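Please read these numbers as outputs of a predicted model, since none were measured by experiment. Proteins get letters first, then strands, A, B, ... in listed order; numbering begins at 1 in each.
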Amino acid sequence: MACNKFEEQGLLYLSGELGKSDAAEYESHLSACEECRLETESYKRESALFYTADVLGETPSPAADAAILRAGENFKKARTPVFMPMMFIKKYAPVPLFLMLVMVAVGGYVRYNSMHAENLRANLTGETAEQFAITDPHHGAADMAAAGRDGLTIIDSLGIEDSNAAPRPLGNLDMEGVVTVSGGE
Amino acid sequence: MKQQANDDQLLFDMWLSGDSKGFSGLYERYRSRVFGFLLRMTGDREIAEDMLQEAFLAALRNADHFDRSRSFLSWLFGIAHKRVIDYYRHAKVETDHIGDTGGSVGSRFDSQEQDLSNKHLRALVNEAVAQLEPSQREVFLLRELGGVPFKEIAEMMDCPINTALGRMRLALRNMRKELKKRGINGVQ
Ligand SMILES: [Zn+2]
C-alpha cells in the first residue's frame with residue numbers, strides 16, 4: 001500500500017510505454033520492492049488468463065455481421081471510381097516523373113548533338129582543322145575527320161536533310177515528353 | 001504482436017486499394033473485441049450492434065486519415081469509443097443505469113462454440129466487469145480488449161494520463177476482489 005510505483009510506472013511498463021531508461025529503472029525497482037513485484041506478476045497472470053479476447057470479446061449476431069460486411073462491400077463500390085485513380089497515381093507517380101526526366105535528358109542530348117553536328121558540317125564544308133580545334137577543345141585536330149563522320153551520322157539518323165531544319169522535330173520531341181506526363185496526372 | 005501489426009497493415013492496404021477482402025479480414029479479426037467493448041459499455045446488444053456497424057463504417061470513411069505509426073486496433077477503438085461518448089450524451093443515460101444494465105450482459109451471450117467451462121469463466125469475469133464503475137470499466141476495456149496505450153486512453157477520455165492510470169489501478173483491484181468473490185483467484 002505504501003508504494004505507488006506500480007500505478008505510476010508499472011502499468012506503463014507493462015503496456016510498453018516506458019522509454020528504455022525508465023523501463024530499466026522500474027525493473028531495478030521490482031527487484032527491491034516486494035509489493036510492486038507481486039502486483040506486476042498478478043496483473044500479468046490475470047491478463048493472460050481472464051482479460052483476453054476470448055473471455056471479454058462478444059460475437060455479434062450473424063445478421064449484424066452480414067449487414068456490416070454488405071455495407072463494407074457497397075462502400076467500396078461507391079468509392080472505387082474516384083478512389084482507384086488516386087491510388088494509382090500515388091503508386092505510379094514516380095514512373096511518369098522518371099520518364100519526364102529521361103525525355104528531357106534525351107531531348108537535351110539530341111539538341112546538343114545536332115548543334116554540334118551543325119558545327120561539324122560547317123567545319124567540313126568550309127573551315128580549317130585549326131579553327132575546329134579551337135571551337136571544340138575536346139577534339140584534337142587529328143580527330144577532325146572521324147568526329148565529322150560521327151556528326152553526319154547523327155544528322156542522318158534524325159532524318160534531317162537540311163541542317164537548317166533541325167530545331168523543328170527536336171522541339172516536338174521535347175514537347176511530347178512534357179505533354180504525355182502532364183496528361184497522366 | 002509485431003506480426004499481427006504487419007498483417008493489419010497488409011489487410012489495410014488491400015482495403016485501401018479497393019479489395020473488400022481487406023475490410024472483411026480486419027472486421028473478422030477485430031469484431032469480437034470491438035463488440036465486446038461496445039456491449040459492455042452500453043449493456044444493450046441491439047444498440048451495440050448498431051454502434052459496431054457505425055464504427056466500422058466510420059473507419060471506412062476515414063481510412064485515409066489513419067496514422068500508420070499507430071496500431072490499427074487502437075485507432076478502431078478510438079472510433080468505437082466516440083460512439084460510446086455520443087451514446088451517453090444523446091441517450092442521457094444515467095451512469096448508475098449503465099452499471100445496472102451491464103450486469104445482465106454476462107448471462108446473455110449465446111456463442112455455441114464456447115465449451116461449458118469457458119462459458120462459465122466468461123460469465124463470471126463479465127459479471128465482475130459489470131460491477132466496475134463506468135470510467136474504470138472504460139479504461140480497463142480500452143486497455144485489455146483494445147490494447148490502447150494509456151497515453152491514447154487519456155486523450156480519448158480527455159483526462160490526464162495519471163487519471164487514466166489511477167482508474168486502471170482501481171479497476172484491476174476491483175476486478176481481483178470481484179473475481180475472488182466468485183471463487184476465481186488469479187494470484188494463487
Ligand atoms: Zn514498489
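Contact tally against chain B (heavy-atom pairs below 4.5 Å) for Gly10(A), Pro60(A), Ala53(A), Ala48(A): the top residue is Pro60(A). Comparing Thr52(A), Leu69(A), Asp65(A) by heavy-atom pairs within less than 4.5 Å of chain B, the highest count is held by Asp65(A). In terms of heavy-atom pairs under 4.5 angstrom with chain A, the leader among Val125(B), Val34(B), Leu38(B) is Val125(B).
Pairs passing the ring pair (Phe, Tyr, Trp, His ring centres under 6.0 Å) check and including a residue from residues 149-178 of chain B, sequence neighbours excluded, do not occur.
Among residues 66-79 of chain B, no residue has any heavy atom closer than 4.5 Å to a heavy atom of chain A. Contact residues of residues 24-31 of chain A toward chain B are absent (heavy-atom distance under 4.5 Å).
Under a 3.5 Å cut-off, the side chain of Arg40(B) and the backbone N or O of Phe35(B) do not form any donor-acceptor pair. With hydrogens and angles ignored, the 3.5 Å screen pairs no side-chain donor or acceptor of Asp19(B) with any backbone N or O of Trp15(B). Side-chain atoms of Arg33(B) never come within 3.5 Å of backbone atoms of Gly57(A) as a donor-acceptor pair (strictly under, hydrogens ignored).
Annotation: side chain of Lys44(A) is in contact with side chain of Leu14(A) (closest heavy-atom distance under 4.5 Å).
We find that Glu73(A) and Arg70(A) are not joined by a salt bridge, their nearest charged nitrogen and carboxylate oxygen being 4.0 Å or further apart. Salt bridge annotation for Glu39(A)-Arg176(B): present, with a cationic side-chain nitrogen under 4.0 angstrom from a carboxylate oxygen. A salt bridge does not link Arg167(B) with Glu138(B): every distance from a Lys NZ or Arg NE/NH1/NH2 to an Asp or Glu carboxylate oxygen is 4.0 Å or more. The pair Lys151(B)-Glu155(B) meets the salt-bridge criterion, since a charged nitrogen lies less than 4.0 angstrom from a carboxylate oxygen. Looking at Arg83(B) and Asp50(B), no side-chain N of the basic residue comes within less than 4.0 Å of a carboxylate O on the acidic one, giving no salt bridge.
In this structure, chain B has no heavy atom under 4.5 Å from any part of Glu41(A). Only the side chain of Glu17(A) comes within less than 4.5 Å of a heavy atom in chain B; its backbone stays farther off. For Ile161(B), the part sitting under 4.5 Å from any heavy atom of chain A is the side chain, from C-beta outward, and nothing else. Proximity to chain A (any heavy atom under 4.5 Å) is restricted, for Leu179(B), to the side chain, taken from C-beta onward.
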For this session: Please assess Asp54(A) against Arg122(B) for the test salt bridge (Lys or Arg N to Asp or Glu O under 4.0 Å), listing each intermediate value before the final yes or no.
Result: CA-CA 8 Å; Asp54(A) 274 350; Arg122(B) 279 170 52 83; over 6 Å; no
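A perpendicular orientation is assigned to the rings of Phe140(B) and Tyr51(A), their planes being inclined by more than 60° (bins at 30° and 60°).
Listed by chain and number, the residues in a side-chain contact (heavy atoms from CB on, under 4.5 Å) with Glu46(B) are Asp44(B) (sequence neighbours excluded).
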